Structure formats: C-alpha cells, structure tokens
Protein chains: 2
Amino acid sequence: MTARISYTLADVATRAGVSEITVSRVLRNKASVAEKTRERVLAVVREMGYVPNRVAGTLASSGSNLVGVVLPSLSNIVFPDVLRGIHAALAPSGYQPVVGVTDYDQEIEEQLVASLLSWQPAAMILSGLHHTSYTVEMLRRAGVRIAELMDIDATPLDIAVGMSHHRAGIDTARYLHGRGYRRFGYVGHDRSRDLRAARRYEGLRQGLAEAGLSLEGEIAAAAPSSTSAGRELLGQLLAAHRDLDVVVFSNDDMAVGGAFHCFAAGIRLRDELALFGFNGLDIGQALPQPLSTLRSHRFLIGRTAAEMILEPRGADARPVIRDTGYDIIEGETA
Amino acid sequence: MTARISYTLADVATRAGVSEITVSRVLRNKASVAEKTRERVLAVVREMGYVPNRVAGTLASSGSNLVGVVLPSLSNIVFPDVLRGIHAALAPSGYQPVVGVTDYDQEIEEQLVASLLSWQPAAMILSGLHHTSYTVEMLRRAGVRIAELMDIDATPLDIAVGMSHHRAGIDTARYLHGRGYRRFGYVGHDRSRDLRAARRYEGLRQGLAEAGLSLEGEIAAAAPSSTSAGRELLGQLLAAHRDLDVVVFSNDDMAVGGAFHCFAAGIRLRDELALFGFNGLDIGQALPQPLSTLRSHRFLIGRTAAEMILEPRGADARPVIRDTGYDIIEGETA
DNA sequence: CTGTTAGCGCCTTCAG
DNA sequence: CTGAAGGCGCTAACAG
C-alpha cells in the first residue's frame with residue numbers, strides 16, 4: 001500500500017491544459033463547457049483515477065451531501081428497516097447517511113447531534129419527538145430540514161413521519177374486545193427507555209377502560225425486547241394468572257417468544273390463549289399460525305422521511321406531520 | 001426555524017477576547033492553555049451554542065473522524081449486528097460511521113467506495129474479499145487502513161476479520177456425520193449474490209464427499225434468505241425427497257422457517273428430521289427446541305475490525321488476518 | 001502560555 | 001465559453 005497520494009483539481013487541470021475551475025465545472029455538469037474540453041477533461045480524470053475531495057467542496061460551497069441519521073438501536077430489525085428506507089430514498093440523489101446510535105439515551109443523542117451537525121449535513125433524521133432542550137436548540141440553529149420518525153403524537157420541529165402509538169394501543173384493545181376477549185394480560189419490555197412502547201401500553205389500557213375492562217395481569221422486563229424474554233415472561237405471567245384469554249405483547253419479538261412458550265407448554269394458540277403483537281415482522285407471519293399483530297410501516301417511514309427532507313423548506317415554517325398509519329393483521333393467534 | 005446561523009471560531013474568539021487558535025486549542029484539549037482562559041472560552045462556547053465545523057477542520061488538518069462502512073444488506077439482523085459492533089468500537093473514540101449499502105452488487109460498491117473516499121475517511125470497512133479492480137485501485141490509493149469483513153478465505157488488502165466459511169461448511173458435514181446422519185438435504189437462498197453462503201455450501205459438499213456421502217436433495221430460492229422462504233422450500237424439498245434424515249439450511253433465518261414447517265406438518269424435530277442452520281441467531285435459540293447451528297461472531301467481527309483500523313499501520317505492509325472463529329451450537333434439532 | 005502567518009482543495013464571483 | 005482572485009472555517013508551523 002502506497003502512502004496517501006490524492007490528486008487535486010489542480011493536478012487534473014494541469015494535465016488537461018485547462019484551469020481548475022473548468023475541471024470543476026465539467027465534474028459538476030455546471031455552466032457551459034465546450035464538448036471537446038469536457039471530453040478531454042473527463043479522459044484525464046479517468047486516467048488519473050481522480051476522486052474529488054468533498055470536504056473541500058463542502059467548505060467552499062457550504063453544502064454537503066451528508067444526512068445525519070440518529071437511531072436508538074440496531075438490535076432488532078425495526079431500525080435497520082427504517083435505515084433501509086432512508087438509504088433507498090437517499091442513494092439515487094447521491095446523499096450519504098451518517099449514522100449514530102443512542103441506545104435510547106437522550107444525553108448520547110445530544111452528543112451525536114452535535115457531532116453530526118459539525119459535518120454540515122444537508123438534513124437530519126432522528127427518532128421520536130422528545131429530545132433534550134440543547135439538542136432542540138442545536139437543531140433549530142442548524143437551519144436544515146429535520147425529520148423526526150416513528151411517532152406523531154406530539155408536534156415536531158419540522159417534519160414528523162410515523163404513526164400514533166397511542167391510537168395503536170387503543171385500536172388493539174378495541175380489536176381484541178371485538179373478537180370477544182375479556183381477560184387481558186400484558187407482557188412488556190423496558191418502557192422507561194422505549195417511549196413508544198409506553199405509549200402503546202397507555203393506549204391499550206385506555207381502550208380497555210373504555211370497554212369497562214382492565215389488565216388482569218402484566219409483567220415487564222427491565223431489559224430490551226427479545227424473543228427469549230417474551231418466552232420466559234409469558235411463562236411467568238401464566239403461572240400467576242391462569243385464567244387469561246388473551247395476552248398483548250409490547251412487540252412481535254416478544255410475542256413470537258410467547259408463541260414458542262405455548263408450543264413448548266402445549267398451549268393451543270387462540271383456542272386456549274390468544275396472542276397479539278406489534279410490528280408485523282416476517283418472523284411472526286412465518287409462524288405455523290401467523291401472529292395476529294399490527295403492522296407498522298418501517299421501510300416506508302424511512303423512505304418517506306428521506307424524500308421529504310430533500311425538498312426545500314417553504315417560507316412558512318409550519319411543522320408537517322405525515323401519518324404512515326398501520327394495519328391490523330388478523331393472523332391466527334387472536 | 002431561523003436561517004442557518006452558525007457561529008465560527010472567530011465569533012467565539014472575539015467574544016472571549018482571545019485569538020482563534022486559542023479557542024481551537026481549548027476545544028481540542030491541545031497544547032497548554034491557562035486554566036482561566038480555558039474556562040472563559042468554554043463558558044462563551046456553551047453560551048453561544050457554538051458547534052465547530054469539522055469540514056473546515058478536516059480540510060485544514062487532512063484527517064477526518066469518519067469511517068466509511070460498506071455493507072451488502074440490512075435486510076436481516078446479521079449486518080446490523082456487525083454495524084453495532086463497529087459503532088461500539090468507534091463511538092468512544094469519537095469516530096462516525098458513514099454507511100453505504102450495496103445490495104450485494106459490486107458496481108454499486110465501486111460507486112459507494114468512491115463517494116465515501118471523497119470524504120477523506122480515516123479508514124474504510126467493507127464486506128468480503130472480492131471487489132472490482134477499480135475499487136481495489138481506489139482503496140490502495142487512499143492510503144488509509146482497510147478492513148474486509150466476514151470472510152478470511154482469501155488475501156485481504158490490509159486487514160481481514162471474520163471466519164472461514166469453507167471450513168464452516170466442512171465442519172457442519174463432519175459434525176452431522178458424527179451424529180449419525182447419513183441422508184442429507186440442503187435448503188438455500190440466492191448463492192450467486194451471497195458468496196459466503198456459496199462457500200459454506202461448497203464446504204458442506206466437500207465434507208460430505210470426504211465421508212463418502214453427498215446431498216440427496218437440495219433446493220434453493222433465487223431470492224434472499226427469509227423465514228418464509230425456508231418454510232416453503234423445506235416443504236417442497238420434503239415432497240420430493242421423503243427419506244432425508246437431516247436438512248442443512250443456508251442460514252438460521254431459513255432454518256427457523258424450516259422448523260415452522262415441521263411444527264405445522266407435525267414432523268418431530270430431530271426424531272423424524274434433523275435441522276441445522278448457520279449464524280446462531282437469538283430467534284433460533286428461543287425455539288421450543290433450540291436450533292442446532294453454527295454461531296458466527298458478528299458483533300465481535302465488527303468491533304474487532306473497528307478497533308484494528310484505528311491502529312496506525314506499521315511500516316511493513318503485510319496483510320493481517322484475524323480469525324474470529326465459530327462455535328457449534330449443539331441445540332436440540334440435530 | 002498565546003498569537004501570527006499561510007495554507008488545506010474547492011467553489012463563488014466577477015471579468016474577459 | 002474560460003479564467004483570476006478571493007475566501008469558506010479551521011489548524012500546522014513557527015514565532016514570541
């Protein structure tokens with residue numbers, strides 16, 4: 001490996017017998033350049049393997065093609081799905097995501113936002129609508145488009161793309177009540193960090209209350225959601241509450257674990273115990289009995305957000321909310 | 001939202017009554033600055049909400065804190081796991097991953113590498129050991145550390161971190177042969193794109209051949225791996241080959257789908273049909289009967305690679321191979 | 001301990 | 001259609 005030898009515009013210009021700015025124009029398809037000149041320059045560029053230095057370009061033109069992306073986690077497939085959507089929409093326009101992961105910690109988010117903003121990104125994409133006040137301050141100052149994903153239950157700084165988790169909780173209660181279930185249990189994960197799971201939980205309780213019902217048993221791990229946690233917790237919950245007829249899980253990972261518990265314990269899904277999840281993951285739908293759940297549109301959320309931030313902001317500074325909704329998947333477990 | 005008002009070092013310097021370079025030194029904990037000066041400067045920085053412009057910093061110092069990361073896919077949990085490992089090792093040192101996704105296409109990889117290199121990254125992380133010649137050319141020229149992940153079956157440009165997929169295939173054959181299985185089936189996914197799956201497949205066949213055996217039945221989808229594909233394909237395979245006693249899957253996603261097929265068809269795992277996967281995903285281990293499989297160390301691969309690229313390259317330009325190995329998980333399905 | 005000088009590589013502006 | 005001059009915001013190198 002040789003030492004870093006990178007050519008500059010000047011090198012290319014010299015070899016092509018033109019000025020730097022002409023090379024620059026050719027590479028950016030700017031202004032008018034004679035066809036002959038353009039061809040000569042391009043030939044030299046290819047021959048030298050010249051790669052423009054975007055750092056310099058960004059400094060000179062004060063505009064980068066980077067988009068800061070701050071996600072809470074990469075541990076289950078949900079946020080990678082969102083990131084795929086973001087990438088799908090950004091790639092064709094030549095934008096690059098710069099990713100940070102907060103582990104659901106707002107202090108880490110604050111540092112990441114500072115760090116990402118220091119790269120003068122063209123836009124920022126975050127998760128959720130709650131941030132430290134300094135984070136909000138920095139984002140406001142940055143003067144770029146900002147998308148806040150997943151959640152639309154509060155007012156965004158600029159753009160919110162996602163669904164109402166509160167309503168999802170209510171609709172879950174209504175749906176299951178409508179199917180005749182009356183004795184509800186709940187299996188959850190760490191709600192203090194996953195605020196959207198908390199909101200669904202509240203919605204669920206509200207929906208049950210409207211029907212004159214309440215949770216007869218509930219259990220939650222302090223840990224993040226996982227299939228194994230769902231499996232164990234359902235076992236514990238059923239040990240304490242034998243008469244439940246349906247259990248709602250904080251998400252599909254947990255619910256699939258619950259289904260595994262039932263397989264192992266010989267509990268017939270739906271006939272003996274109904275299960276309901278959240279997210280609509282492939283794994284739940286591939287179960288012998290497809291999981292009854294609520295499908296969030298994660299890829300769509302990412303793609304829509306990325307499309308929206310690339311559009312210039314209008315003069316009127318009104319926040320925009322884009323509801324990507326959700327679908328109830330009937331499945332065969334509830 | 002106000003227009004982009006970003007303060008510069010000069011603004012801070014003026015307000016603090018010092019020169020730019022002093023502010024710069026304070027912010028970078030460089031050289032010696034009087035404690036009093038330092039405090040005053042920091043107070044002003046916080047008060048103004050000043051965020052340094054790293055684009056300018058990078059241009060001036062010709063060294064960024066960005067690390068280019070090129071991954072083939074984000075569709076299953078494998079590469080997000082790798083990315084988590086990368087992030088875990090980079091974050092404490094203040095490095096930021098810039099992510100690109102190739103969808104297993106070397107042409108796209110080439111474009112991404114060019115685009116990422118234009119940001120003068122401190123290092124590059126790619127997947128696999130096969131790239132277009134122009135990609136290799138650009139990487140060589142860049143003069144930064146380069147890690148190639150997942151695979152160690154060929155010589156890397158600089159650093160390879162991963163495992164031998166060929167040996168994994170052989171060991172799978174030996175292990176299952178040792179357990180007494182003789183009638184092998186295989187369920188795979190698109191091998192033309194996923195070269196590592198192809199290498200495991202070849203290893204499996206070689207291992208079987210050494211034992212005087214061969215695959216009695218096999219089936220592969222042209223699609224990427226998924227639980228649903230595994231479920232369907234196993235059904236098809238068994239319809240054509242009723243006498244198999246073990247089926248090896250291209251990975252755990254597929255194998256879990258296979259397990260689901262068995263649940264639904266009333267086939268007793270291991271007693272009637274053994275299943276074997278690859279990756280050691282949580283989902284497989286949470287099955288009522290934990291999946292027998294081979295654990296790859298994805299998080300470790302990412303973390304190790306990120307640690308290694310942060311170390312300066314020695315004078316001797318010898319490629320380094322770090323074998324993160326794999327473990328056989330006995331499980332209860334084979 | 002602090003400041004001055006000169007760029008980093010490119011793009012904007014203004015002339016030809 | 002092409003070029004020259006100047007500066008983006010920061011930091012290395014060298015004074016004091």
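Nothing here was measured: the structure is a model prediction, and the numbers come from that model.
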**Report entry** Heavy-atom side-chain proximity of A/D194 to A/Y104 below 4.5 angstrom
**Finding:** yes
Query raised in the report: Does the side chain of A/T37 get closer than 4.0 angstrom to OP1 or OP2 of D/dT2 through an N or O atom?
Result: yes
Query raised in the report: Quick one: is D/dA4 close enough that its OP1 or OP2 comes under 4.0 Å of any side-chain N or O from A/S19?
Result: no
Query raised in the report: Between D/dA12 and B/R28, is there an OP1 or OP2 to side-chain N/O distance shorter than 4.0 Å?
Result: yes
Query raised in the report: Between A/Y7 and C/dC10, is there a side-chain N or O to OP1/OP2 distance below 4.0 Å?
Result: no
Report summary line: The residue, B/V55 or A/E35, whose nearest nucleotide of DNA chain D is more 5′ is A/E35
Report summary line: Note: for B/V33 and A/L9 on DNA chain C, the residue whose nearest nucleotide lies more 5' is B/V33
**Report entry** A/T22 vs D/dT2: side-chain N/O to OP1/OP2 distance below 4.0 Å
**Finding:** no
Requested in this report: Identify the heavy atoms of B/E110 and B/Y134 that sit nearest to each other, and give their distance.
Outcome: OE1-CB, 3.6 Å
Requested in this report: Starting from P on D/dT2, measure out to CZ on A/R40 and report it in whole angstrom.
Outcome: 9 Å
Requested in this report: Verify the contact: side-chain N or O of A/R54 to OP1 or OP2 of C/dC10, cut-off strictly under 4.0 Å; return yes or no.
Outcome: no
Query raised in the report: Taking only N and O in the side chain of B/T8, is any of them less than 4.0 Å away from OP1 or OP2 of D/dG9?
Result: no
Query raised in the report: So do the side chains of B/P319 and B/T155 get within less than 4.5 Å of each other, counting heavy atoms only?
Result: yes
Query raised in the report: With the threshold set at 4.0 Å, does a side-chain nitrogen-carboxylate oxygen contact exist between B/E311 and B/R145?
Result: no
Query raised in the report: Between B/V51 and B/R25, which is nearer to the 5' end of DNA chain D once each is assigned its nearest nucleotide?
Result: B/V51
Report summary line: Whole-Å distance, B/N29 CG to C/dC1 P, equals 14 Å
Requested in this report: Between B/I21 and A/Y50, just flag the one whose closest nucleotide in DNA chain C comes earlier from the 5' side.
Outcome: B/I21
Report summary line: Distance col, row A/L74:CG vs B/L83:CG, nearest 0.5 angstrom, shows 5.0 Å
Query raised in the report: Hey, is the side chain of B/T58 poking within less than 4.0 Å of OP1 or OP2 on D/dC10, counting only N and O atoms?
Result: no
